[in-house]
Amino acid sequence: MSLLEIRGLRKVYGQRLLFEIPGLTLERGQSTLLVGTNGAGKTTLLRILAGLEPAEIAEYVFDGRKIAVREISRLAPTVVYVHQHAYLFHSSVAANIAYGLQGRGLSRAEINACVDAEIEWAGLREVAQVPTQRLSGGEKQRVALARARVLKPKLLLLDEPTANLDVDARRQVGDLIAHMGRGDDCVLVATHDPELIARSWSARYVLENCALADLQM
Amino acid sequence: MSLSEAALQALHMLLEGDPSLWGIIYVSLRVCFFAMLLAAPPAIMLAFLLANFSFPGRRILVVLIQTLQALPTVVIGLILYFLLTRNGPLGAYGLLFTQGGMILGEAVLAFPILAAMTLSALQSADPRVTETARTLGAGSIRAAWTLMMEVRFAIMAAIVTGFARVISEVGCAMMIGGNIAGVTRNITTAIALETSKGEFAQGIALGIVLVAVALVTNAGMALLQGKGGLK
Ligand SMILES: Nc1ncnc2c1ncn2[C@@H]1O[C@H](COP(=O)(O)OP(=O)(O)OP(=O)(O)O)[C@@H](O)[C@H]1O
Ligand SMILES: [Mg+2]
């Protein structure tokens, strides 16, 4: 059974058809790349998949369950979307990473341990005490990734995750994606980053001329 | 008594803790504090509803709140007077000429300011706040709370503004409170009604206190807006 199966997806803004996708399937453990020119609709597609944006969808089947369009956002945090420019809450780095872990019946100690591991993974140890508004663009992006990753989502939607990152951080994000591709979880990445595009992917798509097509390398 | 003599005496009264003077100041602070406590929760709640849900009459409600901000305080005092007077619909509660009545009146005055300022803070908040909260698994109530926390400085600024308005208004306090010595006489009614009876020094002392309150609240505002501006 696939993780996500979509049929008959259409997005229009007023008179303009942004895209029409007859079918899209994400298999478990699949890492998927999505490219396309500015304004092609990558961000919009990711947001639709996360339920943050309305669209016409004939069928949205997640994990074998048929989900009504209005209910898609309830899949969070099984499906997590990370913004192109992530928003960090005006609190500490740790509080941002812990946000999604709260209210799930975890103890303080368990949450702290998870957060600590994530801070380590994201290389945020040195800036863990800096107010989030003062972090650099790349550091913010890493906090946002850590904050999503700690929830172990089945489907992680990353919108240009490397846009602000340096070489090392780009590699880290690339590794995270590769790692997710090995497990049962799915990651779908929209990007313009050639380095990221060149990595190994289970599937590569391009959004152009209002349609989703396989990307020819 | 010359102005300089009166001013000197005013300073004396303030510094030496003249009990009737500080009693008046205490009435003002107490009434305003409880008025804000009464008005803030429902005003913030209403702003939240207006910012997040569209329902019939929403626009009218928004315009109404904005209009009520500018309503003269004596008009609100007048309306409340008729409601609270012995034969009025709320006369049975005996609130006219009591601190309770004043608290109610000042809360009514503060409510539209609090609601309107909170609404504008919520509307100008980054839409990614709620989206981020939701995608990380927060339910709608937690997402709402998160949004509140993100605009907390703007909400505090609304509370400071509301406080500054109610502590400095005289119309409603006079009509509902009635300037009863030791009970409902507050800073503004004392200045307005007692100065003409020769209480120059007291009037000046109370004026100094009001100006000090205005200074502190404005400094607080500047501080809060500075903080809120950090993105
Ligand atoms: N509310 C809206 N009304 C009309 N058009 C919109 C609206 N929101 C987005 N669009 C348009 O939809 C198109 C797709 O936007 P989207 O952000 O999905 O593109 P993208 O592929 O992510 O581009 P980029 O590579 O620049 O991030 C854009 O042309 C944008 O202007
Ligand atoms: Mg985009």
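Just so we're on the same page: letters track the sequence lines, and every chain starts at 1. All values below were derived from every heavy atom in this structure, side-chain atoms included, with hydrogens, water molecules and symmetry-related copies excluded.
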Supply the atom-to-atom distance [X] [atom1] to [Y] [atom2], rounded to the nearest 0.5 angstrom.
X: A/Ile97; Y: A/Leu145; atom1: CD1; atom2: CG; answer: 10.5 Å
X: A/Phe19; Y: A/Leu9; atom1: CZ; atom2: CG; answer: 5.5 Å
X: B/Ile113; Y: B/Ile65; atom1: CD1; atom2: CD1; answer: 12.0 Å

- For atom CG of B/Leu15, is the number of surrounding heavy atoms from other residues, nucleotides or ligands below 6.0 Å larger than 12? yes
- Query: Just wondering, are more than 12 heavy atoms of other shown residues or ligands nearer than 6.0 Å to NE2 in A/His85?
  - Reply: no
Name the region of [X], side chain, backbone, both or neither, that has any atom closer than 4.5 Å to a heavy atom of chain B.
X: A/Val79; result: backbone
X: A/Ala86; result: backbone
X: A/Leu101; result: neither

- Query: In terms of heavy-atom pairs under 4.5 Å, which option from A/Phe89, A/Tyr81, A/Tyr99 contacts chain B the most?
  - Reply: A/Tyr99
- Residue, of A/Gly100, A/Pro77, A/Ala148, that accumulates the most heavy atom pairs under 4.5 Å with chain B: A/Pro77
- With sequence neighbours excluded, tell me which residues meet salt bridge (charged side-chain N to carboxylate O under 4.0 Å, His left out) with A/Asp193. A/Arg170
- Message: Going by the rule salt bridge (charged side-chain N to carboxylate O under 4.0 Å, His left out), which residues pair with A/Arg74 if we only count those two or more places apart in sequence or in a different chain?
- Response: A/Glu71
- Under 4.5 Å heavy-atom distance to chain A, tell me which part of B/Arg142 shows up: side chain, backbone, both or neither. both
- Note on the structure: Expected contact set for residues 42-60 of chain A against chain B at heavy-atom separation under 4.5 Å reads A/Arg47, A/Leu52
Cut-off 3.5 Å, no hydrogens considered: what does the side-chain donor-acceptor table look like for residues 163-177 of chain B, sequence neighbours left out?
from: B/Arg165; atom 1: NH2; to: B/Gln69; atom 2: O; distance (Å): 3.4
from: B/Arg165; atom 1: NH2; to: B/Leu71; atom 2: O; distance (Å): 3.3
from: B/Ser168; atom 1: OG; to: B/Ala164; atom 2: O; distance (Å): 2.8
from: B/Ser168; atom 1: OG; to: B/Arg165; atom 2: O; distance (Å): 3.3
from: B/Glu169; atom 1: OE1; to: B/Thr73; atom 2: OG1; distance (Å): 3.3
from: B/Glu169; atom 1: OE1; to: B/Gly171; atom 2: N; distance (Å): 3.0
from: B/Glu169; atom 1: OE1; to: B/Cys172; atom 2: N; distance (Å): 2.8
from: B/Glu169; atom 1: OE2; to: B/Ala173; atom 2: N; distance (Å): 2.9

- Item | Minimal non-hydrogen separation, B/Thr67 against B/Val63, with atom names | OG1-O, 2.7 Å
